[in-house]
S.K.: 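Pasting a structure here, questions to come.
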There are 2 protein chains.
Amino acid sequence: MALLGLLKATGPASGYDLAKLFDSSINNAWKAGHSQIYPELARMTEDGLVTVEADGPRGRKTYTLTDAGWEALRHWLVGREPERHWRSEAALRAFLLPLLDAREAAAWLRREAEYYAERLRSLEELRHADGEEYPMKRAGFGRYALELGISQNRLLRDWALDSAADLERRAAEEENETATGEDAAERRAGD
Amino acid sequence: MALLGLLKATGPASGYDLAKLFDSSINNAWKAGHSQIYPELARMTEDGLVTVEADGPRGRKTYTLTDAGWEALRHWLVGREPERHWRSEAALRAFLLPLLDAREAAAWLRREAEYYAERLRSLEELRHADGEEYPMKRAGFGRYALELGISQNRLLRDWALDSAADLERRAAEEENETATGEDAAERRAGD
DNA sequence: GGACGACATATCAATCTCCACATGTGGTTA
DNA sequence: TAACCACATGTGGAGATTGATATGTCGTCC
């Protein structure tokens, strides 16, 4: 479906073009290497969703979206089957974080925050980039998706920083209590 | 890894227990049915990450985390290999949204917003629920992950509503322009 | 004219994942 | 005591995914 979408957005293209386009546009939402793209294009050709034409040099094949393909894409876009797999390593780690001690967890979160901050920067750059650098923008694309990505990364960064601060505060409090307890014990021992 | 984490968090458990726990806890971050869990437990037993003991009735097998298992889990939690698969159907749809006309896209977004709002409600309920209803809370778990989930769903809901409103505004503007153009044409025709 | 990098397509094996099918036991309740 | 539900564990096959490997061409720069 992602391939159909790109074909619709850009017009006829080769598998190679699509692979590059994938990288430079929806790679944040969906990943696919050329070893997935080529067989998929062959399958879609069989299904009549696209047509092929061998035209360019180096055995280049240009694929074009058919009416049936656009219909299928449209149907998928509008359809609302509940999302099948929402799966995120980051979320899993976040969930299991309390297994580590507070200091360690906080350190991990701070590194995570840096990572999100970096992604945030690169997305914000994209927002100010023009069509040359960001081909999908020419088609008015990714406008809303880009804003979403920016907001999400900002949220993630702030969440990581806040959680880290919270964990550190708790750790400090605990150490204080322990220290007080030890002081008391020492005082008792000294009696 | 998710399994190891749950084992660490809850202590010894059977595959059945883990499957249920999965559903009631990290299901939002990671999904796994029993048909994945049982083979995975067998594999981890071979690798020495857990030990099995057939004890309960009905062929129940209880799995216990070994030191090696905890070490592996710890290593995974602390380690920071860049996230491998971030893949989201919703994000993909969001990206391809401009392929639809504005009204249709807005309608889709409003339905999407409803969905996020519902998830938001259920997560907020979870926040106020006590350990009885939400077993992982007993272990102090999911505290930060839960807050993250709430923030994310709120963000998603607001993004969908804002984007829908924006699309509708643009569609209305366009229609106005078109109508004005037609008026002018009619006036010319009437001359 | 040779080297090199970008263009361009393809296949294979290993692994992961999903869904459906399959099988059986223990406790409770009508 | 029969029925039923929760408990409990598996297998098998289709399809997706990843990463490695393979092969060859075109244009350009030195």
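Residue numbers begin at 1 in each chain, while the letters A, B, ... track the order of the sequences. Predicted model, so just to flag it, every value in this text is computed and none were measured.
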S.K.: Rounded to whole Å, how long is the line connecting atom CD1 of A:Ile37 with atom P of D:dG19?
M.R.: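 After rounding, the reported distance stands at 14 Å.
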
S.K.: Quick one: do B:Trp159 and B:Leu109 satisfy side-chain contact (heavy atoms from CB on, under 4.5 Å)? Show the steps, please.
M.R.: CA-CA 9 Å; B:Trp159 167 78; B:Leu109 279 168; 3.8 Å; yes

S.K.: Any chance you could lay out the side-chain contact (heavy atoms from CB on, under 4.5 Å) test for A:Thr64 and A:Val50, step after step, and finish with the verdict?
M.R.: CA-CA 5 Å; A:Thr64 309; A:Val50 296; over 6 Å; no

S.K.: One thing to verify: whether A:Glu104 and B:Arg74 come together as a salt bridge, which I'm taking to mean a side-chain N less than 4.0 angstrom from a carboxylate O.
M.R.: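 A salt bridge is present here (some side-chain N lies under 4.0 Å from a carboxylate O).
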
S.K.: Whole Å only: how far is the CZ atom of A:Arg43 from the P atom of D:dA16?
M.R.: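 Distance, rounded to whole Å: 7 Å.
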
S.K.: Side chain of A:Tyr38 only, please: which of C:dT9, D:dT11, C:dC19 is the nearest?
M.R.: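 Of the candidates, C:dT9 comes closest.
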
S.K.: In this structure, how many angstroms lie between the P atom of C:dT17 and the CD atom of A:Glu89, rounded?
M.R.: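 So the two atoms are 10 Å apart, to the nearest Å.
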
S.K.: Suppose we call a contact any N or O donor and acceptor under 3.5 Å apart; does that hold for the side chain of A:His34 and the base of C:dA10?
M.R.: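 Answer yes: a donor N or O sits under 3.5 Å from an acceptor.
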
S.K.: State which of C:dA10, D:dA8, D:dA20 makes the closest approach to the side chain of A:Ser35.
M.R.: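 Output: D:dA20.
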
S.K.: In whole angstrom, give the distance that lies between atom NZ of B:Lys61 and atom C1' of D:dG10.
M.R.: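 Taking NZ of B:Lys61 and C1' of D:dG10, I get 8 Å after rounding.
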
S.K.: Please determine whether a side-chain nitrogen or oxygen atom of B:Lys20 lies at a distance below 4.0 Å from atom OP1 or OP2 of D:dA8.
M.R.: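 For D:dA8, neither OP1 nor OP2 has a side-chain N or O of B:Lys20 closer than 4.0 Å.
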
S.K.: Charged N to carboxylate O below 4.0 Å: is that the case for A:Glu124 and A:Arg154?
M.R.: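 Result for this pair is yes, salt bridge flagged.
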
S.K.: For the side chain of B:Arg58, starting at C-beta, report the closest nucleotide among D:dT11, C:dG26, C:dC7.
M.R.: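 Between D:dT11, C:dG26, C:dC7, the one nearest the side chain of B:Arg58 would be C:dG26.
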
S.K.: Go through D:dT17, C:dT9, D:dG19 for me and flag the one nearest to the A:Trp30 side chain.
M.R.: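 Per side-chain heavy atoms of A:Trp30, the pick is D:dT17.
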
S.K.: Please report the distance, rounded to the nearest Å, between CG in B:Asp47 and P in C:dT15.
M.R.: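 Going from CG in B:Asp47 over to P in C:dT15 covers 12 Å.
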
S.K.: OP1 or OP2 of D:dT18 sitting under 4.0 Å from any side-chain N/O of A:Gln36?
M.R.: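 It does, given that an N or O in the side chain of A:Gln36 lies less than 4.0 Å from OP1 or OP2 of D:dT18.
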
S.K.: Using atom OH of A:Tyr16 as one end and atom P of C:dA10 as the other, report the distance to the nearest whole Å.
M.R.: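 About 15 Å, once rounded to whole Å.
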
S.K.: How long is the line joining CD of B:Glu40 and P of C:dC16, in whole Å?
M.R.: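 Rounded to whole Å, this separation is 8 Å.
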
S.K.: Are B:Leu96 and A:Trp70 joined in one hydrophobic group, where the rule is that I, L, V, M, F, W and Y side chains link up if heavy atoms are under 4.5 Å apart?
M.R.: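 Yes; A:Trp70 is reachable from B:Leu96 via cluster members.
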
S.K.: Roughly, in whole Å, what's the span from CE in A:Met44 to P in D:dA16?
M.R.: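 Computing the A:Met44:CE to D:dA16:P distance gives 12 Å.
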
